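All values below come from the heavy atoms of this structure, side chains included, with hydrogens, waters and symmetry mates left out. Fair warning: this is a prediction, and the values are worked out from it, not measured in the lab.
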Amino acid sequence: MHVSVNELTFGTSVSITDRKGKQYYRLIQYPPPPSKGGITVTTEDLECLRDGEFLNDVIIDFYLKYLQLERADQDVANRSHIFSSFFYKQLTRKDNSSEEEAGVTAQCRRHRRVKTWTRHVDIFSKDYLFIPVNQEAHWYLVVICFPGLLEPESVPWKRPASVVASSTTQSPSKPNGQGRPPSTGQRQTGSEDGPKHRPLNLPDCTVLSCQREKVTRRPCILIMDSLKLSYHYRIYTLLREYLQVEWEVRRGTPRVFNDDSIKGSHCKVPLQDNSSDCGLYLLQYVESFLQNPVVHFDLPLRLERWFPRQQVWRKREELRELVLQLYRRQGGGAEQGSG
């Protein structure tokens, strides 16, 4: 049952008025209490899911959290850390007058701004760090892989049967532990014939399709950008400097992060065909990585066939329906019936 925002009865939902006098309503908090760090999604945020609109940071952060908690393979989720969309913005903002101290390097000042963001996580124990970036109204994704690894290594590889089964036979269901809605990004490859059939046209470096006996894992900073003409030279330097200070602070030993020790690479990924879907592609890159992760890191990664473009075309409506479904599940819209 499709429900538009205008049809919703908000009841006890919190009403908020912005500076222009426009009224909007809080729809959901995800994850809901008593979980900490819940993200509030309002009717105003839902408006950016209209065709031709740019996704805002609330929708980006909400869906990334939803992916990690409810859509990702649990093992992959445990080995991953997803930063807020504000992380890179805070890391790279200009110094204010109180921060300009004599004898303190720029990279230490930048690290100080975000030092508390990782107080509960050791990022060097993770395999994948996801960083959503917005620059000049354009979204793209950075994935730092194996930041704790000192050098590339070759390891035996055998595609896990459990991953293949869960990735190819998933059925529609509901959120929040009572089943999940249909995935907004995963193809139902093999859902009729079972997992014995190898998914077609997938890249040869991911869990679902890698046929190698050994794979290469390497420390690297990957850029996944849905626009061909974007440039990211500076981001590699800024993130290497961040990692270097973070290592020294957390581990108490020096370590050099440079182009030799942690390569930067621009991945070949599916590209957008309009001017407004960059945020949707960012979300799809993360979703595809969490559900069908890269296991062989022969750079540059060729992921052009990671997912069909049609998945991104459907994503605005599916995200909208997901928010409204969670709204009803969290007690909103009782007047709409069970839907």
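- By the ring-ring contact (aromatic ring centres under 6.0 Å, His included) test, Trp313 pairs with no residue at all, sequence neighbours left out.
- Across all non-hydrogen atoms, the minimal contact from His81 to Ile123 is CD2-CG2, 4.4 Å.
- At least one donor-acceptor pair closer than 3.5 Å links the side chain of Gln330 to the backbone N or O of Gln29.
- Taking all atoms of both residues into account, the shortest heavy-atom contact from Leu271 to Leu227 is CD2-N, 4.3 Å.
- A distance-only check finds a donor-acceptor pair linking the side chain of Asn56 to the backbone of Ile59 [under 3.5 Å].
- Atom CG of Leu322 and atom CZ of Arg329 lie 11.0 Å apart (nearest 0.5 Å).
- The ring-ring contact (aromatic ring centres under 6.0 Å, His included) test applied to His296 returns no partner, not counting sequence neighbours.
- Trp157 meets the ring-ring contact (aromatic ring centres under 6.0 Å, His included) test with no other residue; sequence neighbours excluded.
- The distance between the ring centers of Tyr25 and Tyr327 does not fall below 6.0 angstrom.
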(request) Determine, step by step, whether His138 and Ser226 satisfy the side-chain contact (heavy atoms from CB on, under 4.5 Å) criterion, reporting the C-alpha distance in whole Å, the side-chain angles of both residues, the deciding distance to 0.1 Å, and the verdict. (result) CA-CA 10 Å; His138 173 62; Ser226 56; 4.1 Å; yes
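- Among Trp247, Trp117, Tyr236, Phe87, the one residue that satisfies the ring-ring contact (aromatic ring centres under 6.0 Å, His included) test with Tyr242 is Phe87.
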(request) Dump the intermediate steps for side-chain contact (heavy atoms from CB on, under 4.5 Å) on His111 and Glu248, then the final yes or no. (result) CA-CA 11 Å; His111 179 270; Glu248 292 172 358; over 6 Å; no
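- The CD atom of Glu321 sits 10.5 Å away from atom CG of Leu49, with the distance rounded to the nearest 0.5 Å.
- To the nearest 0.5 Å, atoms CG (Asp45) and CG (Leu27) are separated by 8.0 Å.
- The aromatic rings of His266 and His232 sit tilted relative to each other, their planes meeting at an angle between 30° and 60°.
- Contact between Cys210 and Cys205 at its shortest, heavy atoms only, is CB-C, 4.3 Å.
- The two residues Val114 and Gln90 come nearest to each other via the heavy atoms CG1-CG, 3.7 Å.
- Look at Asp61 and Lys65 and you find no salt bridge, because none of the NZ, NE, NH1 or NH2 atoms lies under 4.0 Å from a carboxylate O.
- Note that CG of Leu303 and SG of Cys267 are 5.5 Å apart. Values are rounded to the nearest 0.5 Å.
- Using a 30° and 60° split on the angle between ring planes, Trp306 and Phe289 fall in the perpendicular class, above 60°.
- A side-chain donor from one of Gln284 and Ser288 sits under 3.5 Å from a side-chain acceptor of the other.
- No continuous path of hydrophobic side-chain contacts links Leu64 to Phe54 [ILVMFWY only; heavy atoms under 4.5 Å].
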(request) Determine, step by step, whether Phe83 and Tyr88 satisfy the ring pair (Phe, Tyr, Trp, His ring centres under 6.0 Å) criterion, reporting the C-alpha distance in whole Å, the side-chain angles of both residues, the deciding distance to 0.1 Å, and the verdict. (result) CA-CA 9 Å; Phe83 283 95; Tyr88 188 75; over 10 Å; no
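- Between the side chain of Arg218 and the main chain of Phe297, a donor-acceptor pair closer than 3.5 Å is present.
- Proximity of a side-chain donor or acceptor of Lys126 to a complementary backbone N or O of Asn78 within less than 3.5 Å is detected.
- Distance check: Glu53 CD to Cys48 SG gives 7.5 Å after rounding to the nearest 0.5 Å.
- Atom OG1 of Thr118 is separated from atom CZ of Arg250 by 4.0 Å, given to the nearest 0.5 angstrom.
- The residues Arg302 and Asp204 are annotated as not salt-bridged, no charged nitrogen and carboxylate oxygen being separated by less than 4.0 angstrom.
- The two residues Ile28 and Leu326 come nearest to each other via the heavy atoms CG2-C, 3.7 Å.
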Just distance, no hydrogens or angles: give the donor-acceptor pairs under 3.5 Å from side chains in residues 142-151, sequence neighbours left out.
none

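- Checked by atom type and distance alone, the side chain of Asn292 pairs as donor or acceptor with a backbone atom of Leu208 at under 3.5 Å.
- Each salt bridge (Lys or Arg N to Asp or Glu O under 4.0 Å) pair with one or both residues in residues 264-286, not counting sequence neighbours, appears once here: Asp273-Arg309, Asp277-Arg316.
- Minimum heavy-atom separation, Val104 to Arg112: CG1-NH2, 3.7 Å.
- Considering Tyr66, Tyr63, Phe62 in turn, Tyr63 is the only one that fulfils the side-chain contact (heavy atoms from CB on, under 4.5 Å) rule with Leu283.
- Hydrophobic clustering of Ile, Leu, Val, Met, Phe, Trp and Tyr side chains at less than 4.5 Å, counting indirect connections, unites Leu239 with Phe86.
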Would you tabulate the side-chain donor-acceptor contacts of residues 130-137 under 3.5 Å, counting partners in other chains and residues two or more places apart, or write 'none'?
from   : atom 1 : to     : atom 2 : distance (Å)
Asn134 : OD1    : Ala137 : N      : 3.4
Gln135 : OE1    : Tyr140 : OH     : 2.6

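- Of the possible donor and acceptor atoms, none in the side chain of Glu153 sits under 3.5 Å from a partner among the backbone N and O of Arg217.
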